[in-house]
K.L.:
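Sending over a structure as structure tokens; questions will come in a sec.
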Amino acid sequence: MARRTKSVGIAGRFGPRYGSTLRKRWRDVMQRRYADHVCPFCGVKGHVKRLSVGLWTCTKCGSIWAGGAYVPRTGLNKNFPRIVVREG
Ligand SMILES: [Zn+2]
């Protein structure tokens, strides 16, 4: 089956709207958001999910930490690792 959205990827949901440059920039951000991230606390890949803007959790070890809006670690908070909540 041929792919309907060739280069725009997940930004294909917008159809022709908003302009190609904006769609590609949105796609680059969102692909990093949904990519498999390594948990900074247990080091396991693929369990990191975003709870809300800037709030990330690991479904493996239950850590919740403040990260970037669209990526779990930013250049800044790399130096200040803090677990906000640890659930058993
Ligand atoms: Zn973890």
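Every number for a ligand or one of its atoms is a count from 1 in the order of the listing.
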K.L.:
Could you tell me which residues satisfy side chain to side chain donor-acceptor pair (under 3.5 Å) with His47, sequence neighbours excluded, listed by chain and number?
P.N.:
Thr59
K.L.:
Let me check something: any side-chain donor-acceptor pairs from residues 27-34 under 3.5 Å, sequence neighbours excluded? List them with distances.
P.N.:
| from | atom 1 | to | atom 2 | distance (Å) |
| --- | --- | --- | --- | --- |
| Arg27 | NH1 | Ser7 | O | 2.4 |

K.L.:
Could you walk me through whether Val48 and Thr57 satisfy the side chain to side chain contact (heavy atoms under 4.5 Å, CB included) test, starting with their C-alpha distance in whole Å, then the side-chain angles of each, then the deciding distance to 0.1 Å, before giving a yes or no?
P.N.:
CA-CA 6 Å; Val48 175; Thr57 185; over 6 Å; no
K.L.:
Determine the minimum heavy-atom distance between Phe41 and Cys61, stating which atoms define it.
P.N.:
CB-SG, 4.4 Å
K.L.:
Could you walk me through whether Arg73 and Trp56 satisfy the side chain to side chain contact (heavy atoms under 4.5 Å, CB included) test, starting with their C-alpha distance in whole Å, then the side-chain angles of each, then the deciding distance to 0.1 Å, before giving a yes or no?
P.N.:
CA-CA 9 Å; Arg73 301 314 264 168; Trp56 295 80; over 6 Å; no
K.L.:
Let me check something: any side-chain donor-acceptor pairs from residues 15-23 under 3.5 Å, sequence neighbours excluded? List them with distances.
P.N.:
| from | atom 1 | to | atom 2 | distance (Å) |
| --- | --- | --- | --- | --- |
| Arg17 | NE | Phe14 | O | 3.4 |
| Arg17 | NH2 | Phe14 | O | 3.3 |
| Arg23 | NH1 | Pro16 | O | 3.4 |
| Arg23 | NH1 | Arg17 | O | 3.0 |

K.L.:
Could you name all protein N, O or S atoms found under 2.8 Å from the Zn ion (ligand 1)?
P.N.:
Cys39 SG, Cys42 SG, Cys58 SG, Cys61 SG
